[in-house]
Amino acid sequence: MKIGLKSWAGAMVGAALLGAASVIPAHAEGVFETYINSWRAGNESRRWTDNNTSSDYTGIYFSGCDADGGGGFNYAGLQLWKDIPNAPDRGMGFRTNYCSWVDYGDPDSKGNYYFELTDVSHGTYLSVNYVKVGW
């Protein structure tokens, strides 16, 4: 029974850490926090470097979302890109963010990454009070 209690306790601690970090694992390789002010489709985030030293997933968290179209915010389309010097950048997946967490899995490739806003529901401009990117 000791092993079962340890596993259960470990799971509870892990869940608490996950919740406290706004869904970014405590052992994530990297993280940055920012906001979005009046982005349109085509706007890009800053670049970050994933050294691929872990198998952590890349994810983007939104909180406090607003669109200018009068219907309220519904979703934002986000494309994850890997920056490829002297060549076209490589698409690493598309996700729809409903003002929460979206997960791209582990890109399993060392490099520089960024996300692009591809679509805003109910409007042209997107604003997000809090953005957290983890990898």
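We use all heavy atoms of the structure for the numbers below, so side chains are in, but hydrogens, waters and symmetry mates are not. Bear in mind the structure is a predicted one, so any value in this text is a computation, not a measurement.
The heavy-atom pair separating A76 from F62 by the smallest distance is CB-CE2, 4.2 Å. Nearest heavy atoms, A67 versus S121: CB-O, 3.5 Å.
The CG atom of N74 sits 11.0 Å away from atom CG of N97, with the distance rounded to the nearest 0.5 Å. With values rounded to the nearest 0.5 angstrom, S45 atom OG is found 10.5 Å from L117 atom CG. Rounding to the nearest 0.5 angstrom, the gap separating the CG atom in D83 from the CD atom in E44 is 9.0 Å.
Following chains of ILVMFWY side-chain contacts shorter than 4.5 Å, one cannot reach W48 starting from W81, and the two form parts of different hydrophobic clusters. F115 and M92 end up in the same hydrophobic cluster when Ile, Leu, Val, Met, Phe, Trp and Tyr side chains are linked at under 4.5 Å. Both Y104 and V133 are part of a single hydrophobic cluster, where members link through side-chain heavy atoms under 4.5 Å apart. Under a hydrophobic-cluster definition in which Ile, Leu, Val, Met, Phe, Trp and Tyr are linked whenever side-chain heavy atoms come within less than 4.5 Å, directly or via other members, W39 and V128 are assigned to the same cluster. Y113 and I36 fall within the same hydrophobic cluster, defined by Ile, Leu, Val, Met, Phe, Trp and Tyr side-chain heavy atoms under 4.5 Å apart, directly or through other members.
Remark: R46 is positioned above the aromatic ring of F32, its terminal NZ or CZ atom under 6.0 angstrom from the ring centre and at most 45 degrees off the axis.
For the pair R95 (side chain) and Q79 (backbone), a donor-acceptor distance under 3.5 Å is absent. Checking side-chain atoms of D89 against main-chain N and O of I84 turns up a donor-acceptor pair under 3.5 Å. Under the 3.5 Å distance criterion, the side-chain polar atoms of N112 are left unmatched by any main-chain donor or acceptor of R47. Using modelled atom types, one side-chain atom of H122 and one backbone atom of G72 make a donor-acceptor pair closer than 3.5 Å. Of the possible donor and acceptor atoms, none in the side chain of T58 sits under 3.5 Å from a partner among the backbone N and O of D106. K132 places no side-chain N or O within donor-acceptor distance of the main-chain N or O of G59, the cut-off being under 3.5 Å.
Y98 forms part of a hydrophobic cluster together with Y75, judged by ILVMFWY side-chain heavy-atom separations under 4.5 Å.
Checking S127 against D66 by side-chain atom types alone, no donor-acceptor pair falls below 3.5 Å. Donor-acceptor pairing under 3.5 Å is lacking for the side chains of N51 and T53.
Here the side chains of L78 and I60 are in contact, with some heavy-atom distance below 4.5 Å. Residues E29 and D50 have side chains in contact (heavy-atom distance under 4.5 Å, counting atoms from C-beta outward). Side chains of F73 and L126 form a contact here, defined as non-hydrogen atoms less than 4.5 Å apart. With a 4.5 Å cut-off on side-chain heavy atoms, T96 and V102 do not count as touching. Side-chain contact between S109 and K82: present, with at least one pair of heavy atoms (C-beta onward) separated by less than 4.5 Å. Within the 4.5 Å cutoff, no side-chain heavy atoms of Y35 are placed close to those of N129.
Between Y61 and W101, the two ring planes are tilted [angle within 30° to 60°].
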